[in-house]
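In what follows, a structure is listed as structure tokens, so that the remarks can point back to it.
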Amino acid sequence: MRKKKALFQSLPRRLVLWYRKHHRKLPWRETNDPYKVWISEVMLQQTTVPAVIPYYKKWLKLFPDVKSLSRAPLQKVLKAWQGLGYYQRAKNLHLAARAICHKFRGKIPSDYGELKNLPGFGPYTAAAVASFAFNKPYPVVDANVRRVLMRLMGLRSEAGAKNDKALLRFLEPFLPLKKMGIFNQAMMELGSQVCRPKNPLCLLCPVREFCRAFKEGTQEIIPFPKKRAYRKVEAVVGIIQRK
Ligand code: SF4
């Protein structure tokens with residue numbers, strides 16, 4: 001039992017070492033400026049990394065900080081967002097920038113609760129900003145992290161947020177509370193680059209030793225695909241044929 005505990009305690013260390021050596025060098029990873037972390041996290045929702053890079057760079061030229069974003073007219077903000085889709089994200093960035101200037105004198109708060117109440121934030125973005133920028137002890141759970149955790153646990157269940165509480169309980173004893181920013185980023189990078197949805201690269205995985213799915217050979221089937229929600233509709237259909 002003690003041996004098992006010691007083994008699991010080395011999980012975060014191995015993960016962080018792997019991340020330091022192998023992570024992709026992306027512009028938003030070179031900083032812990034909360035504004036830049038926030039902008040990149042919002043852009044990366046629903047959008048791929050290669051698509052985000054040019055937008056991120058252009059955005060920072062147009063709006064280098066919270067104050068410049070809050071002062072910009074909404075039309076200018078939406079124009080800078082053009083092509084990224086889901087325009088509500090841009091509107092919320094603008095609203096949140098104004099709220100930060102109004103309530104916090106332009107300084108992004110480090111408190112998870114205060115972050116979560118800002119327009120467009122929610123638990124994911126609040127945990128990302130709190131941990132990446134301020135090293136606060138909040139785990140970030142996105143689709144990539146969910147998949148890694150489900151496989152580590154060998155949890156035979158569907159993808160999606162319904163298992164999040166169980167995943168967080170599993171994760172809790174390993175959390176390196178002083179290195180949460182890098183730990184969260186390492187989990188996300190592992191899910192995106194190694195523990196991929198299809199064909200996970202288990203032989204390159206730094207935490208293979210702890211992985212139940214790998215031991216049981218279930219890594220390709222966890223998580224199960226989501227069942228489609230069907231609704232029964234009774235209807236009469238007619239076909240009109242011309243000529
Ligand atoms: Fe994912 Fe394979 Fe690593 Fe397990 S061993 S965490 S399935 S990449």
Side-chain angles (χ1 to χ4, degrees), residues 1-26 28-29 40-41 44-52 123-125 127-128 130-132 135 137-228:
M1 186 69 185
R2 199 177 293 165
K3 202 175 160 199
K4 194 173 172 195
K5 199 175 165 205
L7 191 71
F8 270 76
Q9 276 169 349
S10 69
L11 183 148
R13 190 168 42 84
R14 286 202 203 171
L15 194 61
V16 167
L17 283 174
W18 169 83
Y19 178 79
R20 289 209 163 107
K21 210 165 164 191
H22 297 285
H23 74 270
R24 291 166 296 167
K25 307 280 183 280
L26 300 171
W28 45 86
R29 290 211 173 127
S40 66
E41 281 307 314
L44 286 164
Q45 291 162 18
Q46 327 277 352
T47 314
T48 61
V49 166
V52 163
Y124 171 83
T125 312
S131 67
F132 298 173
N135 223 6
Y138 292 96
V140 172
V141 181
D142 68 353
N144 284 328
V145 174
R146 231 172 244 136
R147 184 173 57 256
V148 174
L149 290 173
M150 287 180 75
R151 287 174 174 170
L152 285 172
M153 289 172 79
L155 188 63
R156 298 174 189 220
S157 179
E158 275 179 31
K162 69 173 187 175
N163 295 309
D164 280 5
K165 274 194 184 154
L167 300 183
L168 287 171
R169 267 200 306 274
F170 169 81
L171 191 59
E172 213 163 284
F174 314 124
L175 292 180
L177 300 178
K178 290 185 182 149
K179 289 187 181 163
M180 274 310 287
I182 194 164
F183 176 81
N184 280 335
Q185 301 209 49
M187 286 291 278
M188 293 162 86
E189 186 76 346
L190 187 78
S192 132
Q193 299 301 300
V194 176
C195 194
R196 309 179 303 197
K198 285 186 185 155
N199 306 319
L201 304 172
C202 299
L203 295 180
L204 302 178
C205 178
V207 294
R208 189 177 67 228
E209 209 177 326
F210 315 98
C211 182
R212 190 153 173 193
F214 178 73
K215 274 186 201 124
E216 294 174 351
T218 52
Q219 66 271 36
E220 298 275 355
I221 59 163
I222 292 177
F224 299 163
K226 264 193 169 177
K227 285 193 198 109
R228 284 175 183 256

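Counting starts at 1 for both ligands and their atoms, following the listed order. For the single chain, residues carry numbers from 1 onward in sequence order. Here the structure is a predicted model, which means the values were calculated and not measured.
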Has C211 got an N, O or S atom lying less than 2.8 Å from atom 4 (Fe) of ligand 1? yes
Please report which non-hydrogen protein atom sits nearest to atom 3 (Fe) of ligand 1, along with the residue it belongs to and the distance in Å to one decimal place. C205 SG, 2.4 Å
Has the side chain of N184 got a donor or acceptor atom that lies under 3.5 Å from a matching backbone atom of Y138? yes
Numbering as shown, the atoms of ligand 1 that approach Q219 to under 4.0 Å (heavy-atom distance): 7 (S)
Just say parallel, tilted or perpendicular for the rings of H23 and Y19, cut-offs at 30° and 60°. parallel
Keeping the roles fixed (side chain from N135, backbone from K178), state whether a donor-acceptor pair exists under 3.5 Å. yes
Which of the ligand 1 atoms, numbered from 1, are nearer than 4.0 Å to a heavy atom of C202: 2 (Fe), 5 (S), 7 (S), 8 (S)
Within the structure provided, determine whether L168 and V141 are in side-chain contact (heavy-atom separation under 4.5 Å). yes
Any luck finding a side-chain donor-acceptor pair between T125 and Q45 under 3.5 Å? yes
Between C195 and ligand 1, which part of the residue brings a heavy atom under 4.0 Å of the ligand: side chain, backbone, both or neither? both
